[in-house]
Undergrad: 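Take a look at this one; I'll ask things after.
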2 protein chains.
Amino acid sequence: MKSALETLPPEADTRTRIILTAGRLFHRHGYERTTVRELADAVGLKSGSLFHHFRSKEEILVAVMANGIQSVINEARALLARNHDPAARLEGMLRLHMHSIISGVGGDAMHAMIYEWRSLSPEAREPIRTLSEAYEQLWHQVIDDAVAHGLARGDPIILRKYLLAGLNSTVRWYRPEGRLAPEAFIQQLQQAALPDLQPDS
Amino acid sequence: MKSALETLPPEADTRTRIILTAGRLFHRHGYERTTVRELADAVGLKSGSLFHHFRSKEEILVAVMANGIQSVINEARALLARNHDPAARLEGMLRLHMHSIISGVGGDAMHAMIYEWRSLSPEAREPIRTLSEAYEQLWHQVIDDAVAHGLARGDPIILRKYLLAGLNSTVRWYRPEGRLAPEAFIQQLQQAALPDLQPDS
DNA sequence: GTCTATACATAGATAGAC
DNA sequence: GTCTATCTATGTATAGAC
């Protein structure tokens, strides 16, 4: 269940350090408001050196997004491959998604996906859109099945968009150090999001 | 149910035209990426003239947000004042919120609230935070009541945040001209968001 | 209240030495 | 692969005429 990105050696290569640092800064201050000088500073480089690794600032944003979403896709595919019960799949996808968001890297990437999409040029959007659709496709199957089995009610498309938006929005306000520990939080969130999935219902 | 802002005369005063145009542009292209020159152009002014009406670009963003949220607060207060049944209140608030989002002005303001919050300086955030909390407070009452009456399940705080985030996210993808007309869309969304509220359950 | 003209700061990106 | 130095564009905001 642990993300590949969390297991990186402390001395990762420069390109990777740029991506991870950029994700954190974009999350904290926004992409447009983060300057290449700030990013270089945080990585421990001078601004000119960034452009040896990336052709433009936009390319860094693309890398942040792609890095995060690819990782969650891989985990989701593994989950669905080893699990075929509709309820277990639905709950598993929700838990996986939330663990990804709560982990720093996944949350940073998710935040970028949600908030910085418009900062991408049309050309830069394409690869990200492809990845994005691949991930939504996985949810699509799971939700259709869930509705068919009475685990959720409503139009599957709207249900999926509503559910993902609600889960994603937690990057804005949930803090693992706060009142609710991650496990308890995910539990509560699941009850709010998918009341019909509860064991006691 | 009609927003006060939609009833403005076609020849509104310049300040109001700046606010409405800014809301539209910020929604379409983002605050940071909208230049004061573009905004002035769209209003039919030269960029210098904007600063006769507002001290800074940030002040325009604040006005966009405050304008929209104040309007929905007023309508929500009226709704709650004339209605005391928990189910009717919950459904009414959801419908009001969605109508506000789907209407141009309310949607633009909501979009700004969600996506441009970090562009505000700490001082500029204060008045907006106050308005925001006043609105959430209204939802707070309604949701607590709803949970107490079995119209929804889960932790009321998480439920409120999850619900509002899901509704708000529709500004990103719902288009009134598309497959679902506003009324049908709100109906479907209500079923996805509040399955326990359905008349048939 | 709007215009023209411009000040001033800061952004992303590049060139070439090391 | 990183540095220093700098180019060039573009941003917000101001001053003063009309």
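Naming convention: chains lettered A, B, ... in sequence-line order (proteins, then strands); numbering from 1 in each chain. Computed from a prediction, not measured in an experiment: that's the story for all the values here.
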Undergrad: Does the gap between the ring centers of B/His140 and B/Tyr135 come in under 6.0 Å?
TA: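 Ring-ring flag for B/His140/B/Tyr135: false, centres at least 6.0 Å apart.
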
Undergrad: Expected output is a numbered-order residue list: members of residues 22-32 of chain B with a heavy atom under 4.0 Å from any atom of DNA chain D. What is it?
TA: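 The stretch gives none, as no residue of it lies under 4.0 Å from the strand.
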
Undergrad: Rounded to the nearest Å, what distance is computed from the CZ atom of residue A/Arg37 to the C1' atom of nucleotide C/dA11?
TA: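 It works out to 7 Å between those atoms.
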
Undergrad: Go through residues 41-54 of chain B and report each residue with a non-hydrogen atom lying under 4.0 Å from DNA chain D, sorted by number.
TA: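 Residues of residues 41-54 of chain B under 4.0 Å from DNA chain D: B/Gly48, B/Phe51.
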
Undergrad: Begin from the C-alpha positions of B/Glu75 and B/Ser100 and carry the test side-chain hydrogen bond (donor to acceptor under 3.5 Å, both in side chains) through to its verdict.
TA: CA-CA 10 Å; B/Glu75 293 172 40; B/Ser100 161; over 6 Å; no

Undergrad: Can you check ring-ring contact (aromatic ring centres under 6.0 Å, His included) on B/Trp117 and B/Phe26, steps first, answer last?
TA: CA-CA 12 Å; B/Trp117 175 256; B/Phe26 295 168; over 10 Å; no

Undergrad: Earliest and latest nucleotide of DNA chain D, 5' to 3', sitting under 4.0 Å from a non-hydrogen atom of chain B?
TA: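 Reading along DNA chain D, I get D/dG11 to D/dT14.
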
Undergrad: Going by side chain to side chain contact (heavy atoms under 4.5 Å, CB included), name the residues that satisfy it together with A/Asp145, two or more places apart in sequence or in a different chain.
TA: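 Per chain and number, A/Asp145 pairs via side chain to side chain contact (heavy atoms under 4.5 Å, CB included) with A/Pro86.
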
Undergrad: Looking at B/Glu116 and A/Arg33, is any side-chain nitrogen of the basic one under 4.0 Å from a carboxylate oxygen of the acidic one?
TA: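 Salt bridge flag = no for B/Glu116 with A/Arg33.
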
Undergrad: Please work out whether the ring planes of B/Tyr162 and A/Tyr162 are parallel, tilted or perpendicular, with thresholds of 30° and 60°.
TA: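 Rings of B/Tyr162 and A/Tyr162: perpendicular, as their planes differ by over 60°.
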
Undergrad: Mind listing the residues from residues 121-128 of chain A sitting with a heavy atom below 4.0 Å of DNA chain C? Number order is fine.
TA: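 Heavy-atom cutoff 4.0 Å gives no residues at all.
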
Undergrad: So, is the end of the B/Lys161 side chain (NZ or CZ) under 6.0 Å from the ring centre of A/Tyr174 and within 45° of the ring's axis?
TA: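 No - B/Lys161 does not lie over the ring of A/Tyr174 by the 6.0 Å and 45° rule.
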
Undergrad: Would you say CD of B/Glu59 has more than 12 non-hydrogen atoms from neighbouring residues, nucleotides or ligands within 6.0 angstrom?
TA: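 Check passes, neighbour count above 12.
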
Undergrad: Applying ring-ring contact (aromatic ring centres under 6.0 Å, His included), name anything that partners B/Tyr115, two or more places apart in sequence or on another chain.
TA: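 Counting only residues at least two positions away or on another chain, B/Tyr115 forms a ring-ring contact (aromatic ring centres under 6.0 Å, His included) with A/Tyr115, B/His111.
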
Undergrad: Would you check if there is a donor-acceptor pair between the side chains of A/Glu58 and A/Ser119 at a distance under 3.5 Å?
TA: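 Side chains of A/Ser119 and A/Glu58: no pair found under 3.5 Å.
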
Undergrad: Identify the two heavy atoms, one from A/Ile128 and one from A/Val62, that lie closest to each other, and give their separation to 0.1 Å.
TA: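 So the two residues come closest at CD1-O, 3.7 Å.
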
